[in-house]
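To keep things clear, I will list the structure first and then write my remarks on it.
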Amino acid sequence: MGLSILFGCADHDSPENIVTSNNADNKQLKQVHFLKQHHDVGFTFAHKNSMQGDYWPHEILGPGAGVLDFDGDGDLDIYFRQGSSQDNSELSDQLFLNQWNEIGQLKFINATEDFDVKNFGYGMGVTFGDIDNDGDADVFLTNFGADVMLENQSGKLVETTGPWQTDEWSTSATFVDINRDGWLDLYVGKYNQYQLGQDVKCYGKNSQIDYCSPKSYPIEFDSLYLNQEGVFVDVSESSGIKSDKGYTLGVVVEDFNGDGWPDILTANDATKNFLWINQQDGTFKNEGLNRGIAVNGKGQMEASMGIGIADFDFDLDWDIIMTHLTTESNTLYVNNGESYFMDRSSITNMVQLSKAYTAFGVGWLDVNNDYLDDLIIINGAVNTIAEQRDRGDELPLKQKQQVLLQQENLKFDELQDSALEFINKEYVGRAAVFADFDNDGDKDFVVTVNHGPPLFIENQSPQNNWIGLDLRNRNGAQALGSVVYIKFNNGSEVLKRYHNDGSYLSGNDPRILARWGGDHSVEQVKINWPDGETSVIVDIQLNQYLTIKQNEE
């Protein structure tokens with residue numbers, strides 16, 4: 001029995017449907033969630049946006065965060081961006097080491113000083129990639145101001161120079177091997193040309209001063225830096241990236257047209273989204289409008305912020321969720337099988353569920369153990385909420401967070417649970433960072449809060465069969481951009497991506513993770529490596545993470 005795809009696509013089977021679709025308890029199972037909010041995991045970090053009552057545009061967009069195994073002990077640590085003002089050295093980014101492998105519980109210790117983490121500017125986002133092919137990932141930080149590249153040198157983070165050191169406002173960034181030469185290049189999204197001291201006064205309801213739209217300031221071009229064996233060169237102009245510009249907030253890389261070359265998708269605030277299709281000669285062409293993802297189904301530009309990619313309908317192509325401003329709703333773009341996208345927000349209930357909120361971070365995550373991808377939506381306003389202002393809230397932008405459960409008809413319902421503080425208490429939510437912090441085969445997540453401490457949410461799904469894959473290229477570096485097809489002995493197949501981008505301002509756990517119910521087994525795993533090579537692997541060991549290196553048995 002396959003899923004009945006309501007978008008006119010062919011039926012496809014997901015692994016769990018073969019086994020559980022006739023289970024009388026399946027409907028009841030879908031109402032169960034396994035999320036647990038932890039209030040003390042050792043995070044002593046609290047974001048400060050350094051607001052002084054001037055309604056600076058940059059103070060409400062951060063912070064981001066990212067995960068990486070900094071100490072090499074096999075579990076993922078977390079790096080938080082700080083919104084310190086540029087003249088305040090007392091506030092800095094912070095790094096926390098995961099103690100799961102040492103003590104067997106979710107606990108983090110502050111290692112900020114041990115790794116020479118400090119004030120690297122007014123922080124926005126973070127991403128990771130091995131820029132020198134030495135086997136450990138390096139760190140790239142986007143800022144309101146000059147960006148920062150930190151080379152990982154035996155556990156110490158050492159700042160290095162490059163063309164990213166410009167006085168511009170950067171948001172999300174991602175590493176991508178645009179020419180498939182084995183060296184990670186870098187795409188950096190830019191917002192607008194606002195600078196301190198050039199403020200425009202904007203007003204909201206009742207003629208009270210409020211935060212400005214991005215359109216109050218000129219748009220900035222995004223940047224693309226080519227990695228020439230460890231030396232980066234700005235190719236933004238020659239690559240065609242500067243042929244168009246938008247207020248970029250989210251960036252992801254994927255082969256959207258199926259030609260084996262990485263393309264770049266940007267979520268743009270108040271302007272058309274871009275889908276830069278790789279022309280295989282070092283240049284890109286923006287096909288966002290032609291492929292149906294530049295605007296929504298009504299032809300309207302939206303305030304796009306976060307991006308989540310998954311094959312949520314199990315038809316072996318990439319579907320996309322983008323988060324938006326209050327009254328606009330989040331938008332679900334469904335791939336028609338030929339790399340063109342259709343807005344299916346209304347018929348999936350996305351419009352009804354999301355119009356009341358301003359959403360930033362987003363990710364696909366099975367939270368009720370039915371093997372369907374649900375959605376984590378992180379909300380927080382960007383314009384003053386009068387009721388909160390009147391009661392004296394320091395930052396009156398708080399909204400509730402959302403968990404949207406996918407149903408078997410591909411519609412979404414909102415999770416209601418009075419016991420889960422995460423979806424009942426209001427926060428100024430921004431990024432969501434997804435990672436399997438306890439290596440148990442399900443992904444947990446951390447939510448960053450503007451001008452407040454982060455939230456830690458553990459996924460406690462029951463232990464069913466799963467496989468986890470950490471993919472490495474010939475040099476031992478993370479093979480970012482790989483695509484994996486997992487085929488089961490019942491004929492079903494799932495599609496997964498190995499990349500750490502997505503959500504909003506975040507660096508996520510890139511590892512491939514697939515879960516399924518029943519007693520069927522994995523027949524083979526096919527890996528499409530970033531350089532175009534393909535590997536097929538059989539006899540996969542279950543219920544653990546495996547490191548697979550390109551060109552090795």
Rounding to 0.5 Å, atoms CD (Gln228) and CG (Leu226) come to a distance of 5.0 Å
Taken to the nearest 0.5 Å, the spacing of Glu168 CD from Phe144 CZ works out to 12.0 Å
Exactly one of Asp269, Asn330, Thr331 clears side-chain hydrogen bond (donor to acceptor under 3.5 Å, both in side chains) with His324, and that residue is Thr331
Check your understanding: Is the NZ or CZ atom of Lys526 both under 6.0 Å from the centre of the six-membered ring of Tyr485 and within 45° of that ring's axis?
Key -> yes
Minimal heavy-atom distance between Ser346 and Val351, with the atoms involved, is OG-CG2, 3.6 Å
Hey, are Thr142 and Thr171 close enough side-chain-wise for a donor-acceptor pair under 3.5 Å? no
Check your understanding: Given side chains that start at C-beta, do those of Met322 and Ile293 come closer than 4.5 Å, heavy atoms only?
Key -> yes
Please check if atom NZ in Lys242 has more than 12 non-hydrogen atoms from other residues, nucleotides or ligands closer than 6.0 Å.
yes
Any side-chain heavy-atom pair from Leu480 and Pro510 closer than 4.5 angstrom? yes
Is a side-chain N or O of Asp311 found less than 3.5 angstrom from the main chain of Trp318, in a donor-acceptor match?
-> no
Of all heavy-atom pairs linking Asp69 and Gly72, the shortest is OD1-N, 2.9 Å
CZ (Phe232) and CG (Leu224) are apart, to the nearest 0.5 Å, by 10.5 Å
- prompt: Hey, does Lys190 have a side-chain heavy atom less than 4.5 Å from the side chain of Thr248?
  reply: no
Interatomic distance, CZ@Phe360 vs CD1@Ile378, rounded to 0.5 Å, equals 11.5 Å
Criterion side chain to side chain contact (heavy atoms under 4.5 Å, CB included) on Leu495 and Val483, from CA distance to verdict: CA-CA 7 Å; Leu495 174 65; Val483 173; 3.4 Å; yes
The test is side chain to side chain contact (heavy atoms under 4.5 Å, CB included); show your working for Trp276 and Asp263 and say whether it passes.
CA-CA 6 Å; Trp276 296 107; Asp263 310 305; 6.0 Å; no
Note to self: Can a donor-acceptor pair be found, under 3.5 Å and without considering hydrogens, that links the side chain of Gln193 to the backbone of Ile219?
What the structure shows: yes
Donor-acceptor under 3.5 Å (Asn179 side chain, Gly282 main chain): no
**Message:** Between Asn152 and Ala137 (side chain of the first, backbone of the second, donor and acceptor by atom type, cut-off under 3.5 Å), is there such a pair?
**Reply:** yes
- Do NZ/NE/NH1/NH2 and the carboxylate oxygens of Arg81 and Asp93 come within less than 4.0 Å? yes
### Expected output: side-chain Asp185 to main-chain Asn227 donor-acceptor under 3.5 Å
yes
**Candidate pair Thr283 and Asp281, rule side chain to side chain donor-acceptor pair (under 3.5 Å), full reasoning** = CA-CA 6 Å; Thr283 66; Asp281 60 0; 2.5 Å; yes
Open item on the list: Any salt bridge linking Asp116 with Lys118? Criterion: basic side-chain nitrogen under 4.0 Å from a carboxylate oxygen.
Closed with: no
Please determine whether side chain to side chain contact (heavy atoms under 4.5 Å, CB included) holds for the pair Val362 and Tyr504, giving the CA-CA distance in whole Å, both sets of side-chain angles, and the decisive distance to 0.1 Å.
CA-CA 7 Å; Val362 61; Tyr504 169 78; over 6 Å; no
When you measure from the side chain of Ser506 to the backbone of Val433, do you find a donor-acceptor pair of N or O atoms at a distance under 3.5 Å? no
Can you tell me if Lys285 has over 12 outside heavy atoms packed within less than 6.0 Å of its NZ? no
Value for CG (Asn379) from OG1 (Thr358), rounded to nearest 0.5 Å, stands at 7.5 Å
When rounded to the nearest 0.5 Å, the distance separating OG1 of Thr348 from CG of Asp319 is 11.0 Å
- Task: Start with the C-alpha distance between Phe312 and Leu372, add both sets of side-chain angles, then the distance that settles side chain to side chain contact (heavy atoms under 4.5 Å, CB included), and finish with yes or no.
- Result: CA-CA 7 Å; Phe312 93 106; Leu372 299 177; over 6 Å; no
Next item on the list: Look at the side chain of Glu151 and the backbone N and O of Thr160, then say whether any donor-acceptor pair between them is shorter than 3.5 Å.
Entry: no
Here the side-chain hydrogen bond (donor to acceptor under 3.5 Å, both in side chains) pairs for residues 289-300, sequence neighbours left out, are Glu287-Arg291, Asn296-Gln300, Asn296-Glu302
Taking the side chain from Tyr55 and the backbone from Val200, do they hold a donor-acceptor pair closer than 3.5 Å? no
Determine whether Trp164 and Ser223 satisfy the following criterion, side chain to side chain donor-acceptor pair (under 3.5 Å), listing intermediate values before the conclusion.
CA-CA 8 Å; Trp164 46 79; Ser223 295; over 6 Å; no
Legend entry - Asp77 side-chain N/O to Phe70 backbone N/O, donor-acceptor pair under 3.5 Å: yes
Exercise for the section: Using atom types as modelled and distance alone, determine if a side-chain donor or acceptor of Thr323 lies under 3.5 Å from a backbone N or O of Ala359. Expected result: yes
- Any ion pair linking Arg474 and Asp531 (charged N to carboxylate O, less than 4.0 Å)? yes
Sub-4.5 Å side-chain heavy-atom contact between Val295 and Lys272 = yes
For residues Ile241 and Phe221, determine if any side-chain heavy atom of one lies less than 4.5 Å from a side-chain heavy atom of the other.
no
Are the side chains of Asn500 and Phe175 in touch, meaning some heavy atoms are under 4.5 Å apart?
no
When you compare the side chain of Tyr498 with that of Ile527, does any pair of heavy atoms fall below 4.5 Å? no
Scanning both residues in full, the closest heavy-atom pair of Arg511 with Asp436 reads NH2-O, 3.2 Å
| Can you find a pair of side-chain heavy atoms, one from Asp130 and one from Asp138, that are under 4.5 Å apart? | yes
Scanning both residues in full, the closest heavy-atom pair of Ser339 with Asn257 reads OG-CA, 3.3 Å
Ser503 and Gly361 have their tightest heavy-atom pair at OG-CA, 3.5 Å
Could you check Tyr194 against Tyr217 for ring-ring contact (aromatic ring centres under 6.0 Å, His included), going step by step and ending with a plain yes or no? CA-CA 6 Å; Tyr194 166 76; Tyr217 303 95; 5.0 Å; yes
Tightest non-hydrogen contact, residues Pro63 and Ala431, listed as O-CB, 3.5 Å
